[in-house]
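Read the structure below first, then the notes.
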Amino acid sequence: MVKPFDLHAVALRVLAENGFKPHAEGHVDAGVTAVPSADVRDMRDVAWSSIDNQESRDLDQIEATEALAGGATKVLVGIADVDALVHRGSPIDDFAATNTTSLYTGAEMFPMLPEELSTDLTSLTFGQDRFAVVTEFTVSADGVITDGGVYRAVVKNHAKLAYDDVGPWLEGKGPEPHGISTDALRAQVRAQDDVAQRLRKARMAHGALDFETIEATPITKDGVIVDVRVTQPSRSRQLIEELMIASNGVVARWLEGHRRSAIKRVVKTPKRWDRIVALAATLGTTLPAEPDSLALSTFLNARRAADPARFADLSLSVVKLMGPGEYILDRPGDPEGHFGLAVHDYTHSTAPNRRFADLVTQRIVKATIAGAAPPYSDDEIAQIAARCTEREHAAQKVERTMRKVGAALFLHDRIGEVFDGVVTGVTASGTFVRVISPAAEGRVMRGEDGMDVGDRVRVKLVATEPARGFIDFARA
């Protein structure tokens, strides 16, 4: 009898190999009753809603809007006040500072915080009173952000919505989502979509890069991989993405205005711009010799329109050539910006249940609201930023490996088949290709000479080793 493949055991091994602990340790307090006070606004009657994955219970953010004169819109983004229950220097905080992020392995999710917190006491759970840090800003009719502010509040989530339900509904292709129970909520979600599209249009006009990368997630049933499913772009995901980008920018500028050091999220000027230029040239476009986000954005938008079926492959190639994002110390007056988002002020503040950088930002924000001394020195922020960057890259390796484990299991019986693919990496350790269908990445073991990122190739599957996530190809 063949022993069943143990995905959980593989996930634990991969976590350990990359320096992660699987479970948070430490005592969880019973909770803090969310009660308004002189410095905490009562905003429970606002028509807040959340949009996330169907299965998500660690809800970090809720959103609401209010129509203003002249076509402008007031936007409210409420972020779970995780700091209210996760105290700096506690065992739970120390664990979060060590892992710095939740891990999504396909087999299971390993949260940064104990589930009693992240999926309950510090989650913006439907129908529950919760403390939140609210970012408020105004978006004009043409997508310009003004009037940013940040304050504490007590909130209540009135609708827990799912991306896969809201997206088709907004696009006119599906029924009304489960959870929209009132006219006010119905109008709220449509208004949020409207303002998100305005923000998106304005970002694109300033040179923001609109990627469409393929992320394939193994689908398991009773511990068996039954599918490899690709997350599809949708209006609902755009909605949350745009409101979070805007909110993170508002928080960064608000802290800058209060002369507070913080953690900044940046993607620096692409180091392989020359290869991006060469890649564009093969498609008949001449890009400037020096990095130019607006020119790159124009090129990407044109390619999306000209060849939508292959745009995800082009996006992946450009993302790889741009290089990874990183966290850095942001002192007041620092000019470093985010190349991919075409913004100069950007932090991470919207997911404190899932990312330690966001929890640190929240503590800095709350101290600023209270007029208290900064909770972290510049040296401490710099060290935390470096740790978060290093752990983020390690987490990406864990998740990439587990996607490969799932894909290797799924492809195990298809040795000898030939697939269309795109080269996603050329490093000292080898040349890597992602095949189009099913979406799976592996190493080219034979015939890789001359391949470079972005090349379209045909490869034959020659071997899989699911326990290690290895998928081996040869040039066909």
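What you are looking at is a predicted structure, and each value in this text was computed from that prediction instead of being measured. Numbers here are sequence positions counted from 1.
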Greater than 12 external heavy atoms within 6.0 Å of [X]'s [atom1]:
X: E55; atom1: CD; value: yes
X: R235; atom1: CZ; value: yes
X: R190; atom1: CZ; value: yes
X: K366; atom1: NZ; value: yes

Any Lys/Arg nitrogen of [X] or [Y] sitting under 4.0 Å from an Asp/Glu carboxylate oxygen of the other?
X: E417; Y: R414; result: yes
X: R88; Y: E380; result: yes
X: R275; Y: D455; result: yes
X: R203; Y: E242; result: yes
X: R260; Y: D330; result: no
X: R354; Y: D52; result: yes
X: K74; Y: E66; result: yes

Contacts of type side chain to side chain contact (heavy atoms under 4.5 Å, CB included), residue A280, not counting sequence neighbours
T285, L287, F299
Does one side chain, of [X] or [Y], offer a donor that lies under 3.5 Å from an acceptor on the other?
X: T347; Y: S349; answer: no
X: N353; Y: D60; answer: yes
X: S140; Y: D142; answer: yes
X: R198; Y: T73; answer: yes

Closer than 3.5 angstrom, by distance alone: can the side chain of D81 be matched with the main-chain N or O of A132 as a donor-acceptor pair?
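Not confirmed, D81 side chain does not pair with A132 backbone.
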Does S429 offer a backbone N or O that forms a donor-acceptor pair with the side chain of R443 under 3.5 Å?
yes
What pair of heavy atoms forms the shortest contact from [X] to [Y], and how long is it?
X: C388; Y: Y327; result: CB-CD1, 3.6 Å
X: A385; Y: L329; result: CB-N, 4.2 Å
X: M112; Y: A24; result: O-CB, 4.2 Å
X: G325; Y: E392; result: O-OE1, 3.9 Å
X: S102; Y: M109; result: CB-SD, 4.2 Å

Given the options D93, D58, N99, V86, L113 meets side chain to side chain contact (heavy atoms under 4.5 Å, CB included) only with V86
From the list T101, L103, V398, side chain to side chain contact (heavy atoms under 4.5 Å, CB included) with F110 holds only for L103
Run the side-chain hydrogen bond (donor to acceptor under 3.5 Å, both in side chains) test against Q192 and tell me which residues pass, sequence neighbours left out.
Q188
Return the CZ to CZ distance between R458 and F473, rounded to the nearest 0.5 Å.
12.5 Å
pair [X]-[Y]: side-chain heavy atoms closer than 4.5 Å:
X: V444; Y: F432; answer: no
X: V134; Y: V150; answer: no
X: M244; Y: V77; answer: yes
X: R363; Y: Y376; answer: yes
X: R265; Y: I328; answer: no
X: F137; Y: T146; answer: no
X: S317; Y: L279; answer: yes
X: I381; Y: S377; answer: no

Evaluate D452 against R272 for salt bridge (charged side-chain N to carboxylate O under 4.0 Å, His left out), listing each step before the verdict.
CA-CA 12 Å; D452 205 347; R272 295 203 65 191; 3.6 Å; yes
Using the salt bridge (charged side-chain N to carboxylate O under 4.0 Å, His left out) criterion, which residues pair with [X]? Sequence neighbours excluded.
X: R456; answer: D313
X: E399; answer: none
X: E108; answer: none

Any chance you could lay out the side-chain contact (heavy atoms from CB on, under 4.5 Å) test for I79 and Q362, step after step, and finish with the verdict?
CA-CA 9 Å; I79 302 302; Q362 185 171 89; 4.0 Å; yes
Can R391 be said to sit on top of F20's aromatic six-ring, NZ or CZ under 6.0 Å from centre and within 45° of the ring axis?
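Because its charged atom sits under 6.0 Å from the ring centre and within 45° of the axis, R391 does stack over F20.
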E256 vs R253, salt bridge (charged side-chain N to carboxylate O under 4.0 Å, His left out): CA-CA, chis, key distance, verdict
CA-CA 5 Å; E256 171 81 17; R253 291 188 293 274; over 6 Å; no
Yes or no on side-chain contact (heavy atoms from CB on, under 4.5 Å) for V144 and V139, after CA distance, side-chain angles and deciding distance?
CA-CA 5 Å; V144 176; V139 179; over 6 Å; no
How would you list all residue pairs meeting side chain to side chain donor-acceptor pair (under 3.5 Å) that involve residues 462-476, not counting sequence neighbours?
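Applying side chain to side chain donor-acceptor pair (under 3.5 Å) to every pair that reaches into residues 462-476, excluding sequence neighbours, yields H412-T464.
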